[in-house]
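To keep things clear, I will list the structure first and then write my remarks on it.
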Amino acid sequence: MTRNKNITILGSTGSIGQSALEVVRHVEGLKVIAISGRSNLSKLVEQALEFKPRYLVAADELMAENFEFPDLGETEVLVGEAQLDFIASLDEVDIVLAAIVGVAGLPSAWAAVESGKTIALANKEALVVAGHLMTDSANRSGATILPVDSEHSAVFQALKAGSPEEVNRIVLTASGGPFRDWDANLMESVTVDQALAHPTWDMGQKITIDSATMMNKSLEVIEAKWLFGVPASKIEVVIHPQSIVHSLVEFVDGSTIAQMSPPDMMLPIQYAFTYPDRVVGPCPKLDLGQPMSLDFYPPDTTKFPALELGFEVAKFGGSSGAVLNAVNEEAVAAFLNQKIKFTDITTVCRNILDQHNFEPFPTMPQLIAADQWARQEISKWMNA
Ligand code: NAD
Ligand code: MG
């Protein structure tokens, strides 16, 4: 049992959204007030019938028009993107789980921050694109941003062992993805199916490709900078194939605190929902009765050049995150549609990032313009 919490789940039909609902099924005191989805409206209806939220938002108007909603009783059906902002800022809601994928999740995450909610943040792209605006806004509105990304949840938990001045560095672990042990020469020939076969995590398509290029870790370096207020120079990445140690914090005296659990997103989601309490839930526990080895080694930045981009963007900030994120989103979609090669994803991110007109303190409209410019550039490159 935890304190009673009313929750909005943005992106309830996705991988994180479904894990979140499994947590709600097991933890008393959590009540779902609103859910949203874009394409899988049958799943959304199924969820509404089970959880009986006050609101269901179908984000895509065209898809909603072509779908026959059954009678959902107490649940009101709302249609369109603007309704995401509405359910992210309802008075009766305590916690907003931001689990939409990509920059599409930024406006609703922003609405939640602006209205002073506790945001359980899975949508790392919101911080990559607009970290400075999100954190400034949270400071003004009194909103709290709690990490759901497993590495950041681990860091958040480990940081409790000391004060901010006592932190020496933050070490983010990475599984290394499906190509960890591949020969660098073979990376050009990677197929979509190979890239979608992640060894330790079962996730949505976009983040699975990001994990294969290691762009995901780059985005997480930027995310860590904003969540914990640390410079890029204090963040490191280590390969840890077992995905048991979710990240580590090294303190100035040489003590390193790690957080360990089986690779399952329900735990970081539950921790954000019940924080500051810890309660019994559906999450699996480590079986220490079996032999287990934990390996750690440095990443191969030649084979995974995407890794450098995150450190660069974390250092420079400004409009660079919006550009990197937009090109990456378009490049991942193009790779999934077999329009570009796997290695092109990182190459085109690097090239367009280098060409962009850097703005150090962009406003939201300037970030949107940088995002649009970057998408036009990759489209020109693909059509050249
Ligand atoms: P997913 O593709 O499984 O689900 C995405 C959700 O967003 C769905 O509910 C979908 O309907 C909704 N959505 C997609 N496009 C939309 C749009 N344009 N407007 C409104 N709604 C839209 O993705 P996921 O794997 O659950 O990831 C969600 C977020 O969580 C991502 O930012 C990802 O980086 C982050 N994350 C995921 C995991 C994981 O294990 N899946 C782990 C850490 C972080
Ligand atoms: Mg992660």
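Note that ligands are numbered from 1 as they come in the structure, with each ligand's atoms numbered from 1 the same way.
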Worksheet item: Which ligand 1 atoms are under 4.0 Å away from a heavy-atom of Ala122?
Response: 30 (O), 32 (O), 35 (C), 36 (N), 44 (C)
Discussion item. Checking Asn216 against Glu220: is there a side-chain donor and acceptor pair closer than 3.5 Å?
Written reply: yes
Practice prompt. First locate atom OG of Ser211, then atom CG of Leu219, and finally report the distance between them rounded to the nearest 0.5 Å.
Written response: 9.5 Å
Discussion item. If we ignore hydrogens and angles and just use 3.5 Å, is the side chain of Lys225 paired with the main-chain N or O of Gly317 as donor and acceptor?
Written reply: no
Worksheet item: Looking just at side-chain N and O atoms, do Ser243 and Thr200 make a donor-acceptor pair shorter than 3.5 Å?
Response: yes
Response to the item:
Going by the 4.0 angstrom heavy-atom rule, the piece of Met265 near ligand 1 is side chain
Worksheet item: Just checking, is any N or O donor in the side chain of Asn325 or Glu125 under 3.5 Å from an acceptor N or O on the other one?
Response: no
Response to the item:
for atom 3 (O) of ligand 1, nearest protein heavy atom and its distance come out as Ser15 N, 2.9 Å
Worksheet item: Taking side chain as C-beta onward, heavy atoms only, is Leu227 less than 4.5 Å from Val155?
Response: no
Item to complete: Of the side chain and backbone of Ile207, name the one, both, or neither that has a heavy atom under 4.0 Å from an atom of ligand 1.
Response: side chain
Response to the item:
Taking every heavy atom of Lys234 against every heavy atom of Val167, the minimum-distance pair comes out as NZ-O, 3.1 Å
Item to complete: Using a 4.0 Å heavy-atom cut-off, say whether Glu125 meets ligand 1 through its side chain, its backbone, both or neither.
Response: side chain
Worksheet item: Can you list the atoms of ligand 1 that are under 4.0 Å from a heavy atom of Gly37?
Response: 11 (O)
Item to complete: Would you indicate which of Thr13, Ile9, Val128, Leu97 comes nearest to atom 9 (O) of ligand 1 when only heavy atoms are counted?
Response: Thr13
Practice prompt. Please determine if Trp201 has a nitrogen or oxygen closer than 3.5 Å to a nitrogen or oxygen of ligand 1.
Written response: no
Response to the item:
Quick note on ligand 1: atoms under 4.0 Å from a heavy atom of Gly14 include exactly 1 (P), 3 (O), 4 (O), 8 (C), 9 (O), 26 (O)
Response to the item:
Val129 and Leu106 have their tightest heavy-atom pair at CG1-CD2, 4.0 Å
Item to complete: For the Mg ion (ligand 2), find the closest N/O/S atom belonging to Glu151 and write down its atom name.
Response: OE1
Worksheet entry | Protein contact of atom 17 (C) of ligand 1 - nearest heavy atom, named by residue and atom, plus distance | Arg38 CD, 3.3 Å
Response to the item:
Asn123 heavy atoms within 4.0 Å reach ligand 1 at atoms 32 (O)
Worksheet item: By number and element, which atoms of ligand 1 are closer than 4.0 Å to a non-hydrogen atom of Ala59?
Response: 20 (C)
Practice prompt. Decide whether Glu114 and Ser137 meet the rule of one side-chain donor and one side-chain acceptor closer than 3.5 Å.
Written response: yes
Worksheet item: Who gets closest to atom 28 (C) of ligand 1 by heavy atom: Ala99, Ala104, Gly105?
Response: Ala99
Item to complete: Look at atom 34 (O) of ligand 1 and say which protein heavy atom is nearest, naming residue and atom and giving the distance to 0.1 Å.
Response: Lys124 CE, 3.2 Å
Worksheet item: For atom 44 (C) of ligand 1, which protein heavy atom lies nearest, and how many Å away is it?
Response: Asp149 OD1, 3.5 Å
Worksheet item: For the side chain of Lys303 and the backbone of Phe179, is there at least one donor-acceptor N/O pair under 3.5 Å apart?
Response: yes
Worksheet item: Would you say Ile16 has any N or O atom under 3.5 Å from an N or O of ligand 1, going by distance alone?
Response: yes
Fill in: Heavy-atom nearest neighbour in the protein, as seen from atom 25 (O) of ligand 1, with distance rounded to 0.1 Å
Gly204 N, 2.9 Å
Worksheet, complete the sentence: In this structure, atom 5 (C) of ligand 1 is nearest to the protein heavy atom Val101 CG1, 3.8 Å
Fill in: Ile100, Leu44, Leu10, Leu84: member with heavy atom nearest to atom 21 (N) of ligand 1
Ile100
Fill in: Geometric cation-pi criterion, Lys315 with Phe311: 6.0 Å, 45°
no
Practice prompt. Indicate yes or no for a side-chain donor-acceptor contact from Arg180 to the backbone of Ser175 under 3.5 Å, with no hydrogens or angles considered.
Written response: yes
Item to complete: Just give me the atom name: the N, O or S atom of Glu220 closest to the Mg ion (ligand 2).
Response: OE2
Worksheet item: Is there a donor-acceptor contact under 3.5 Å from the side chain of His246 to the main chain of Ser153?
Response: no
Discussion item. Could you identify the N, O or S atom of Asp149 positioned closest to the Mg ion (ligand 2)?
Written reply: OD1
